[in-house]
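Heads up: the structure comes next, in C-alpha cells.
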Amino acid sequence: MKKQPGGPTSRNYDPAKIEKKWQKKWEADKLYVAKDNSKAKKFYGLIEFPYPSGDGLHVGHIRSNTAMDIIARKRRREGFNVLYPIGWDAFGLPTENYAIKTGIQPAVVTKKNTDTFRRQLKEIGFSFDWSREVNTTDPKYYKWTQWIFLQFLKKGLAYKKSMTINWCPKDLIGLANEEVIDGKCERCGTPVEKKEKEQWMLAITKYADRLLSDLDAIDTSNIPHIIDSKNSPKPGKKTVERRTIQALVRDPKTGKFLGLKWKKFPWTTFVIGGVEDGEDIISAAKREVLEETGYSDIKLTQILGGPVKSEYFAAHKDENRLAITSAVLFELVSDSKREVSADEKAKHEPVWMEMKDMNDKVMTCSELPIWLERMPDSKPDFTGKVPCFTQVWEPGTVKQGQPFVERNAILAIVKHWSEDKFIGLKWKKVDWRTLITGGIEKGQSAEQAAIAEIIEETGYLHPKLKKDLGKLESKFFHVPKNENRYAHFDVLYFELKDSKRNALSEDEYSKHEVVWVDRKEMDSFNTPMAMRYVWKTMFCKKPIDFSSQAAKPLLDWTESIKELQRNWIGKSEGVNLSFKVKDMDLSFEMYDSIPQTFMAQTFTVIAPEHEAVAKLVAGTEFEKPVMEFVQRIKQKKAEKGFDHVRDMEGIFTGRYIDYGPAKRQLPIWVASYVLADYGSGIVNCSYHDERDYAFAKKYNIPLHPVLFPEDPILAEKVRKQEIMYREPDGTLEEPVQFKGRRWDEVRKDIIDYIVENGWGTRTTQYKLRDWIFSRQRYWGEPIPVVHCQNCAIKDPKGQGIVPVPEKDLPVLLPKVKNYKPTENGESPLAAIKKWVNVKCPKCKGPAKRETDTMPNWAGSSWYYLRYADPKNKTKFADLKKLKYWTPVDWYNGGMEHTTLHLLYSRFWHKFLYDLNLVPTIEPYTKRTSHGPILAEDGMRMSKSRGNVINPDTIVKSVGADTLRLYEMFMGPFDQSIAWDMNNIAGVRRFIEKVWKLKEKVDLTNKVIGKTLDSRLRPTSSLADSGLLGACGNDTVIDNVIHKTIKKVSDDIETMRFNTAMSSLMIVVNELEKSERISKDQFEIILQLLAPFAPHVTEELWHAIGNKKSIHISSWPKYDPEMAKDSEVKMMVQVNGKVRGSFMVNVDQSEEEVKQMALGLEETKKWIEGKEVKKVIVVKRKLVSIVI
RNA sequence: GCCGGAGUGGCGGAAUUGGUCUACGCGUACGACUCAAAAUCGUAUGGAGGCAACUCCUUGUGGGUUCGAGUCCCACCUCCGGCACCA
C-alpha cells in the first residue's frame, strides 16, 4: 500500500473510535427503523440483497449500498418515513459446492457467511433497518416462496414438461436459457450439453404482452380525467383502456382541417388511433395519418396537449373507452398521397372541413377545447363544447361506486377593487383551495346566485358582473357533504367596486379562509384540476400545460434499461399461415413476420427436431437418409462450437407444400439452421433472406426474387440471382397489386391482403420462452408437490401431481450427508428415502416428493414485498402494509440483473397483482444501475487473480467514512471504474480538513468571511476592493454555501455523487482560508456531508453543541435569494476567440454592457482600425464581437 | 451483423446543455516547517514558442452548421456493454 495520511498531526481524528461509538448509539436509538403505521409520506429505497459468499463483502456492494444509503438518509431528513431494508439471497451454487467439498451443511455455511456480511455492513454504517432482515433460506421465508409457487400451480401457470435442457456437465445442473452464455455455463464456463428431462416450467410467456406494454405505461393517477359530454360512457358496457393520439392536420392554404367521415356512424373525427408499444406519440400520429388518409407529406407543428384521460362511448366497437390521449398538430406540406388500404377505406373517408363544422360532429369532443386553445394563429370557435372534468386525483377525488348528486351551480372569479388580486378560498378542514362556488336556487339567475354566494362566503358587498365566461362540467367529491357531486357550472367573472365588507357568519368562517391571490400565484392556487382550467383557460385564455403535471411514465427507468427488456421479450407481429402437405393428410402452421416477400417463397424448411419429420418420410425412400441426417444434426448441434452459418446443412424430404398464394409447390427440406422452438419450427423460405439464400445456393434450390433495388445495375444482379437483397427502400414487383410499393411501408397492407384472402391470421410471437423452473440441486427451495401413482390414474393428464397443502408448508429441506447431485441428473434429495416417501395428501396412499428445487431467481423475485411485513406468519405480506410501502420508489442494482431478475420479479408481481395480493401493477417505480468496480489492474476482482480489495483492511486503515467517500468520489456512479489506492488518500485528507475546520468555528455565530477564491467569488470586485472585509458580513460565503446546497441536493437526486463531493471540497477549501467560521455555516456543511460520511459528521455535530443526531436534522434549505449573484463576469470574444473579461452588474442594460465590452483595453487592441460588423450580447455570459 | 453508450491532461474525471475546455482529486516539481524524514501548509502544473509582455495549437479522425462547437449534423476510426440461426 502506498503512503497514507493519518500521521501524528491527525491524531485527534480516530475513525475506529468514533465510528464504533456512533454505530452503537444509532442502533440503540433505533434511528433507522421504518415505522409501519405512519401518516408520513413513505420512501422505499432498495438495493439488490447480496448473495453472502464465503469471500465476504465486495467493495462493489459498498458502492451501490452507499449510494442508496445517501438517498435514504437525505429522504429521512426531508421528512419521509424511509424503508431501507437488507437481507440475504442465500440459496445458490457456491455454498452448495463448498458443502460438497467440505461436507459442512449449507445452512451452517450460510449462517457463518451472513454473520460476516452483517458485521461488515454494520461497520460501514449503512442506515439499514436491521429489524426487517430477511433470508431466502430461512424456512419462515421460503414457506412463502413455496406458497407463491402453489398459486402458480393452481392457476395452471406452473406445469411440467419434458424438454431438452441445457446441461452443465461440471456443475451437474440444468440451466435456464438465460444462464447459457455463448453456449457455456454462466457460472463455470463449461460448454453446455443438451439433455432430455422433465422440467417444471413457469408460463412467463402468458405475461409477455403486459411485461412489454407496461414498460411504456403512463402514470395515470396524476392526469386530468375528462368525460365526453356528447358521447358519455354507457353503463353496463365494458371499458377498454387504450393509449391513443389525435392528429390534427391543417392545410395552411385553406385553413381547413383533415377529418375522417365515418361510414357507419354519424360522426366526423380527427385522425385518431392507438399508440403502439415503444412508439412515441409523434410517430404514432404520423403513422395513423398515413394509414388512415394516405397523406404522407406532413410536418409537425406542435404537440397540442396531453395526455388526458378521456372517457367516451365508442359506438363502432360497442364499448366504453378510457383513452389516455394526446393531440398533435401537423401542417400539410404537399398533397402527395399514398393508397389507403381497403380496410381503412371501408371504415371512413378523409374530408377537409372548417373547424366550426367539426362542432358536435366529433366523437371525442370533450378534449377539444383543451386542444383548440393551444392552436397557434387560429381562433377556433368552441362554443357549445363544454369540457367535463372528473376529479380523479386531487383532494375531493370522486368515490367509486357512489351515485352523483347533480346540481346547477355557479363558479365565480372575483377581482380586488384596486389591485390585480383575486379571491381564493382556503379550506380549513381539508387541503383544498378553490374559487367561489355555490348552488343555483330555483328561479334564480346565475348572476343572482353568484352575488349571493360571494356576499355569503366572503362578506364583500359589491361585486359587479364583468363577464360570463361559459360553462363547465365537473364531477368531484364534496368532502364536507360526503357525497359525489356532478355540477353544471356557470362560470362568471366579477370585480369588486369597493372594499365594503360584512363580518362572516360563524358557519362560513369555520369552513374556509378568504385569501387574496395575485394573478401569477393563481395558476397553481386551486387544487381541483377543473378550477385550474377555469382560471387559466377560460379566464386568462391561456392553455393549461397538462403535460408538465401529468405526462409521467409509470416507470422512471432509463430508456436503455427498458430497451434491454424489450429486446429480451422480443415481440414480433406477423401472420400465421396454414398449408397442406401434398398427397398427405397433414397441414402445418407457420409463422411469418416478414410477409412482404410471400410471393418469393420457393421452398420450405423444417427443424430436425420437429416431430413431423418422421411422419413426412415414413415409408418412403427418403426415410432412411433423412432420419440419419436428423440424428447426425441433433448430435452436431449439441457439440460445442456448432456454427449455424458455416455448418448449414439440409436434406430433401421428398415432400411438397401446396403453396396456394403463388400457386406453386414448395419442396420441404430438413435444415440445420431452423429453430425448433420459435414459431412452429417449420417455415417457408424466399430469396430475400440471407440464410435461405445461402441454403438455396448450396443445394441448388430454385429461387424467385420479387423485391428489387432502385439502382438498375444492382437490380440486374438481383434479377440474375447473384446477390441476396432485402433493403427497406427496395420495391416489390409481386404480387401485382402491390407493384412499386416500398418494402418498409407495404408490410401492413400485405398482412391485410393475406388475411383477406384467408391464407392466414394475424399473430404475435415472442422470443421470450417459458421459464425453466427446476434445478436438480440441494440448496434451493423444495418444490412443494407430491407425485402420487394412485392419483395419476384418475388424473386426465395422467400426471398425479398433488400440491402439498398450504397448511403443511414449508416443505423443509432435510439434512443430507452427501450434497453431490447424482450422475443421472437427480437432486441429492432423491437419495433420502425417508424424506421422499410420503403419504399422498389427497388419497393418503403412498407417494413420492418432488425432488427438484427452485432456481435462485425464485426467492429474489418477491423479497421486496416481504420487507414490508417480514414477520407475518399468515401471509407473505399484509395487503395494507403493502399498500403503504409499495411500490419500491427507487431500486438500484447491477446492470447484469436488468434483464432476468427484473423480468422475473415483474412477472411474479403482476401475477400476485392478478390475485389481488399486491396493490400495484409494477414493483419498481425507479430503477438505476451502478457500474462495477474493477481491480487496480483494470481487471475483474477475483481471488484467483489475487487482486481483491478487502473492505475490512480499508476500514481498519482509513475508516468507513473515507471508504464511503472514496467510492462515491471515484467517478460517475453508473460507469465501471478501477480501484486506486492513491485517490483514497485525497479523500481522507478532505475529511481531516473538515475535522480541523471545527477549531475555527465561532460558537457565538459571529464571523467575518475573509478570503475567497476568485473562481467562486460571485462579487469578486467587491472582495478585491477589500469591501467585503470592511463591511464585515459573510454574505459571500453564504452565497457559496447556498449554491452548494443546491448543487449537492440536485446531484444526489441524479446520482452524481462525484460532483456533489467536489463542490463540498470547494467550500471546505474556502472555509479553510477563513479565520473564523460561523456555527451556522459549519452546520450546513456537516449536514450536507452527513449522508456521505455519517460518523465523522455526527461526531463534529455533537462537538459543536448539538444534542440530537445530525441524521434526524432537517435537510438544509436552499434559498435562491442567497444564491443569487449581484455581479457576473462577462467574457469578451472577438471573432470567436476569448480576448478579455469584465465584471458587470446583473441588471445592467444590454447596451451598457456592449459599450463596456467595446471600450475594454483587451478588446480595443483587436478591433482597432477594423469595422465592427456585429455585436452579440448573451445575458450574464458574454459579448461576442464580429469584425 | 443489429441495438445502446462512450472517446477530454501523466492518471480518475469536471464543464449551468451551444457561451472562459481541463473544476475537484491524484501524481509531479519547487518552497515553508524539521537536525532529518513523514505528515502538514504554500506555489506551479494541457502542449509548443518566447527573457518577458504575449502568441499560436489543443476535447478520437475528417468535413459541415454557427458570431461561437467537447456539446448539434454528416462520414469514418477505436473501445465498452447488450442481443444475435427469431425467417
Side-chain angles (χ1 to χ4, degrees), chain A residues 2-11 182 558-561 563-564 566-568 570-572 574 590-595 597 601 605 607 637 642-645 647-648 671-675 677-679 682-686 688-692 726 765-768 895-896 898-899 931-932 966 969-972 974-987 989-990 992-993 996 1015-1016 1043 1046-1047 1050 1056 1058-1066 1069 1072 1129-1141 1165 1173-1176 1178-1187:
Chain A
K2 280 219 170 182
K3 65 187 166 189
Q4 262 170 28
T9 51
S10 58
R11 66 189 171 280
D182 285 336
T558 58
E559 209 33 50
S560 64
I561 295 179
E563 198 58 35
L564 284 177
R566 283 192 202 107
N567 283 344
W568 200 269
K571 181 177 179 172
S572 100
M590 42 185 102
Y591 176 72
D592 194 349
S593 75
I594 306 182
T597 53
Q601 292 172 352
V605 287
K637 275 193 175 180
F642 179 82
D643 184 324
H644 52 85
V645 178
D647 302 333
M648 180 185 273
S672 62
Y673 69 92
V674 186
L675 287 174
D677 53 358
Y678 185 77
I682 175 165
V683 72
N684 286 347
C685 299
S686 81
H688 303 286
D689 179 275
E690 219 164 317
R691 291 152 300 165
D692 298 348
R726 184 174 87 196
Q765 278 286 335
Y766 298 93
K767 284 195 230 175
L768 186 73
M895 206 61 196
E896 70 275 18
T898 45
T899 41
Y966 167 64
F969 185 60
M970 63 199 303
D974 55 355
Q975 276 170 39
S976 73
I977 198 148
W979 192 266
D980 185 352
M981 279 300 178
N982 289 326
N983 283 324
I984 291 190
V987 175
R989 250 191 293 257
F990 166 67
E992 281 167 17
K993 270 188 201 172
K996 277 184 254 166
R1015 287 187 310 277
L1016 289 153
K1043 281 182 181 162
K1046 179 158 170 53
K1047 176 89 179 134
D1050 291 353
R1056 286 143 53 112
N1058 53 334
T1059 52
M1061 288 215 24
S1062 97
S1063 60
L1064 279 169
M1065 285 173 173
I1066 292 171
N1069 286 346
E1072 205 186 19
K1129 195 177 188 182
M1130 296 288 289
M1131 301 312 297
V1132 184
Q1133 288 185 353
V1134 180
N1135 275 1
K1137 283 210 163 69
V1138 178
R1139 296 300 184 191
S1141 68
K1165 197 169 103 187
K1173 284 186 193 140
K1174 205 158 139 195
V1175 181
I1176 295 153
V1178 182
K1179 245 185 146 186
R1180 307 184 64 157
K1181 279 197 179 116
L1182 59 77
V1183 182
S1184 184
I1185 300 164
V1186 189
I1187 51 172

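Every chain is numbered from 1, with letters handed out A, B, ... down the list of sequences.
Of all heavy-atom pairs between A/R726 and A/D689, the closest is NH1-OD2, 3.7 Å.
Taking only side-chain atoms of A/T1059, from C-beta outward, the nucleotide of B/A87, B/G68, B/A15 with the closest atom is B/A15. Comparing B/C67, B/C26, B/A87 by their closest approach to the side chain of A/N983 singles out B/C26. Closest contact between the side chain of A/S1184 and the listed nucleotides B/A14, B/A87, B/G19 involves B/G19. For A/I594, the listed nucleotide lying nearest its side chain is B/A87; candidates were B/G68, B/G25, B/A87. Out of B/U17, B/C86, B/A23, the shortest distance to the side chain of A/S1062 is found at B/A23.
The residue A/K1137 sits close only to the backbone: its heavy atoms come under 4.0 Å of sugar-phosphate atoms, none of a base. Among the protein residues, A/I1176 comes within range of the nucleic acid bases, having at least one heavy atom under 4.0 Å from a base atom. At the heavy-atom level, A/M1065 lies under 4.0 Å from the strands shown only through sugar-phosphate atoms. If you check every strand for non-hydrogen atoms under 4.0 Å, A/R1056 touches sugar and phosphate atoms only. Counting non-hydrogen atoms under 4.0 angstrom, A/R1139 reaches the backbone sugars and phosphates but no base. Note on A/V1134: nothing from the nucleic acid sits closer than 4.0 angstrom, heavy atoms only. A/L1064 comes within contact range of no nucleotide atom at all, as no heavy-atom separation falls under 4.0 Å. Backbone-only contact: A/K1174 has heavy atoms under 4.0 Å from sugar-phosphate atoms and none from a base. Within the nucleic acid shown, A/S593 comes within 4.0 Å of sugar-phosphate atoms alone, with no base atom in reach, counting heavy atoms only.
The interatomic distance linking A/R726 (CZ) with B/A87 (C1') rounds to 7 Å, in whole Å. In this structure, A/E1072 atom CD and B/G25 atom P are separated by 10 Å, rounded to whole Å.
The phosphate of B/C86 has neither OP1 nor OP2 within less than 4.0 Å of any side-chain N or O from A/S572. Look at A/R691 and you won't find any side-chain N or O under 4.0 angstrom from OP1 or OP2 of B/G1. Under 4.0 angstrom from either OP1 or OP2 of B/G4 there lies no side-chain N or O belonging to A/N567. Within the 4.0 Å cut-off from OP1 or OP2 of B/G4, not a single side-chain nitrogen or oxygen of A/R566 is found. Residue A/Y678 places none of its side-chain N or O atoms closer than 4.0 Å to OP1 or OP2 of B/C85. Residue A/R989 has a polar side-chain atom (N or O) positioned under 4.0 Å from OP1 or OP2 of B/U40.
Counted within 6.0 Å of CD on A/E896, heavy atoms from surrounding residues, nucleotides or ligands total more than 12; the atom is thus considered enclosed.
Taking the C1' atom of each, B/C80 and B/A75 are spaced 22 Å apart, rounded to whole Å. On the C1' atoms, B/A44 is 46 Å away from B/G82, given to the nearest whole Å. One P atom belongs to B/U65, the other to B/C74, and the distance between them is 15 Å to the nearest Å.
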### A/N1069 vs A/K993, side-chain hydrogen bond (donor to acceptor under 3.5 Å, both in side chains): CA-CA, chis, key distance, verdict
CA-CA 8 Å; A/N1069 286 346; A/K993 270 188 201 172; 2.9 Å; yes

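Syn is the conformation of B/U17, whose glycosidic angle sits no further than 90° from 0. Glycosidic conformation of B/G9: syn, with the torsion inside 90° of 0.
Classification of A/E563 and A/R566 as a salt-bridged pair holds, one side-chain N sitting under 4.0 Å from a carboxylate O.
Residue order along RNA chain B, read from the 5' end via each residue's closest nucleotide, puts A/N1069 first among A/Y673 and A/N1069. Each of A/G971 and A/L1182 was matched to the nucleotide of RNA chain B holding its nearest heavy atom; the match closer to the 5' end belongs to A/G971.
The closest donor-acceptor contact from the side chain of A/Y591 to the backbone of A/G574 lies under 3.5 Å. The closest donor-acceptor contact from the side chain of A/Y966 to the backbone of A/D980 lies under 3.5 Å.
A donor and an acceptor atom never sit less than 3.5 Å apart when one is taken from the side chain of A/E563 and the other from the base of B/G82.
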